[in-house]
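Worksheet: one structure, shown below.
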Amino acid sequence: MCGIVGYIGHREAYPIVLKGLKRLEYRGYDSAGIALYDGDEMKLSKTKGKVVDLEKRLESEITTNGTVGIGHTRWATHGVPNDVNSHPHYSNSGNLVIIHNGIIENYEPLRQELINRGYSFTSETDTEVLVNLIEDVKTKENVKLGKAVQIALNQTVGAYAIAVFDKNKPDEIVVARLGSPLAIGVGEEEFFIASDASPFIEYTNNAIYLEDGEMAVVRKKKGVKVRKIQDDSLVDPYVQELKMNLEQIEKGGYDHFMLKEIYEQPNAIKDTYRGRMRVEEGIIKMAGIDDHIDKFLNARRILIIACGTSWHAGLVGEYIFEDLARIPVEVEYASEFRYRNPVIYEDDVVIAISQSGETADTMAAIKLAKERGAFVFGICNVVGSSISRETHAGAYTHAGPEIGVASTKAFTTQITVLTLIALQMAKKKGVISTSDFFMHLQELERIPEKVEKALEASDHIKEVAEIYKEASNCLYLGRGFNFPVALEGALKLKEISYIHAEGYPAAEMKHGPIALIDEQMPVIVIATKKGHYEKVVSNIQEIKSRKGKIIGIVTEGDVTVKNLADHVIEIPETMESMTPLLTTIPLQLLSYYIAVMLGKNVDQPRNLAKSVTVE
Ligand code: F6R
């Protein structure tokens, strides 16, 4: 996720674009850049770091008060965050300049083709490929910028929101979107371009939200012309009147970042597997794995190290790896591992999981594993983070920035990456049949849709939250793949609502926690159809006979648990190994609503920090 901003009109562009970038910084903040047209030339400045770093640099560099400009705040996907990979990017001739939010999946073959045609590249980004592809089309076909953008985009696979400017045609900016948001603020002979309306809300209440697959030529005097990218047909743009305030817009209309991030999960999971899975061909392609496949195939065991929610994802990974790839797995708290003098073999593969990529204990555990000769693979969300640089290889989750301190989309996207790795290992080891492999790919592809469905239970979950919001304790139970989800559900509740909660393997309840159960105790039981269902039903009976309050997370259409439980929350049916991707959703929503009802600071709970860079 990145933020894009543009302005064309009669005001000075620089302050508008700069302020817009600050407002969009929640979308990405590893580097930033601006290109301004001074009436003759483009002035481009970009830097690794935050928008304030760009601003400092621009104090000395910006000499123009031109009225056209574009800007970008980056959340790296291709290429580490550095000055060169930052946007905007020039085309080889220096005539075109582009900003881009998204991923061009087929950038590598396009890049090769352009190199063969004499183009050269300074950055590692897919974006620089796109701007040169547009330039190539424009020159080859001798067409206007809008047409060139359209032809070029029809050759790409992936997701984008782009703005392109041609210094030889300074009265227009061409924009397009597919899979990434793009709004056009409509003023009096002035137009604003942005990932959301926050950069222009104080200038205009009128906005056109481009639909997926649409592009627009935005002209200072002639207005906005919208077309379908695929077939060139004209679209009558709908100018919407905005009634939101600034804060609401940054959070995409959600009350909190946490809620927004919960709802982002269908897309985040898609972004995680995008370009890595070719379902029809039955192929997984992950460079980090494929380039080191011998390490994975010859591994004695897999050691997963992580903290907090990432550790819970690791526990789900243990079940997935053992089940699919038939390899022994141990999951370790990084903080314990680093101080325990652990036995590490040179033929161990260590997988370190971290959303931020900066967690001090995980970092220290990685260094220890490397010293002992193990191969270390990282699963991080933040591109270019310390952990992603310290590991031998890795895979990013591509979930986009997670701002809410309580981790949500990081968890489900980490599980998605772990599933892809386990499937790839299983295939290469020959321990999964072709049809089973194919079925898993097909089901993973359907998960985003099923997450959407699970999110539809939100109103019902709110009612359940209202009933239990005053509870002092809560118990979460799950078995197999869903035992770690029980742990994660309990962690979510305690960290944002400050209600004491514990997660347990359902069968372990008899060995202690059952003593806590009385009519005051809500027990959230994950009882999906495919996960030791009958055994979990017996556990539910045990709770019921002690008058505990039962909230069952069940598969759609369930009857047995419905008859026993006080409340049930349904999730769509899926393969057992993928149930954590769905059962997590109601637990996130339940803790969210309880915390909101209790008036807690959901996005910044007391005593917590988003990345724990100290021991
Ligand atoms: C819980 C949470 C923390 C993090 C933990 C590890 O909601 O956010 O438990 O999961 O601090 O952080 P990362 O994944 O950044 O290493």
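Just follow the structure's listing: the first ligand is 1, and inside any ligand the first atom is 1.
- When the heavy-atom distances from atom 16 (O) of ligand 1 to Thr359, Ile496, Ile353, Thr397 are ranked, the shortest goes to Thr359.
- Under the 4.0 Å criterion applied to side-chain N and carboxylate O atoms, Lys50 and Asp53 are not assigned as salt-bridge partners.
- Residue contact check: Ser354 has heavy atoms under 4.0 Å from atoms 13 (P), 14 (O), 15 (O), 16 (O) of ligand 1.
- For Gly357, no nitrogen or oxygen atom sits less than 3.5 Å from a nitrogen or oxygen atom of ligand 1, counting backbone and side chain alike.
- Proximity of Val405 to ligand 1, defined as any heavy-atom pair under 4.0 Å, is confined to the backbone N, CA, C and O atoms.
- A salt bridge is absent between Glu573 and Lys529: the closest approach of a Lys/Arg side-chain nitrogen to an acidic carboxylate oxygen does not fall below 4.0 angstrom.
- Aromatic ring pairs are classed by plane angle as parallel below 30°, tilted from 30° to 60° and perpendicular above 60°; the pair Phe375 and His392 is parallel.
- Taking 4.5 Å as the limit, some side-chain heavy atom of His567 sits within range of a side-chain heavy atom of Tyr468.
- The closest donor-acceptor contact from the side chain of Gln424 to the backbone of Ile284 lies under 3.5 Å.
- The nearest non-hydrogen atom to atom 10 (O) of ligand 1, considering only Asp361, Thr309, Ile379, comes from Thr309.
- Of all atoms in ligand 1, listed by their number and element, those nearer than 4.0 Å to a heavy atom of Ala406 are 7 (O).
- Between the Glu261 side chain and the Gly404 main chain, a donor and an acceptor come within less than 3.5 Å of each other.
- Remark: the backbone N or O of Ile104 is paired with a side-chain donor or acceptor of Asp126 at under 3.5 angstrom.
- The shortest N or O to N or O distance between Gln414 and ligand 1 is not below 3.5 Å.
- Within the 4.0 Å heavy-atom cutoff, Thr408 does not count among the residues contacting ligand 1.
- For the side-chain hydrogen bond (donor to acceptor under 3.5 Å, both in side chains) test with Thr309, the passing option among Gln355, Lys492, Gln414 is Lys492; the others fail.
- By the 3.5 Å distance cut-off applied to N or O atoms, Glu495 is counted among the residues near ligand 1.
- Residue Ser310 has at least one heavy-atom neighbour below 4.0 Å for each of these atoms of ligand 1: 10 (O), 13 (P), 14 (O).
- Listed by atom number, the atoms of ligand 1 under 4.0 Å from Lys492 heavy atoms are 1 (C), 7 (O).
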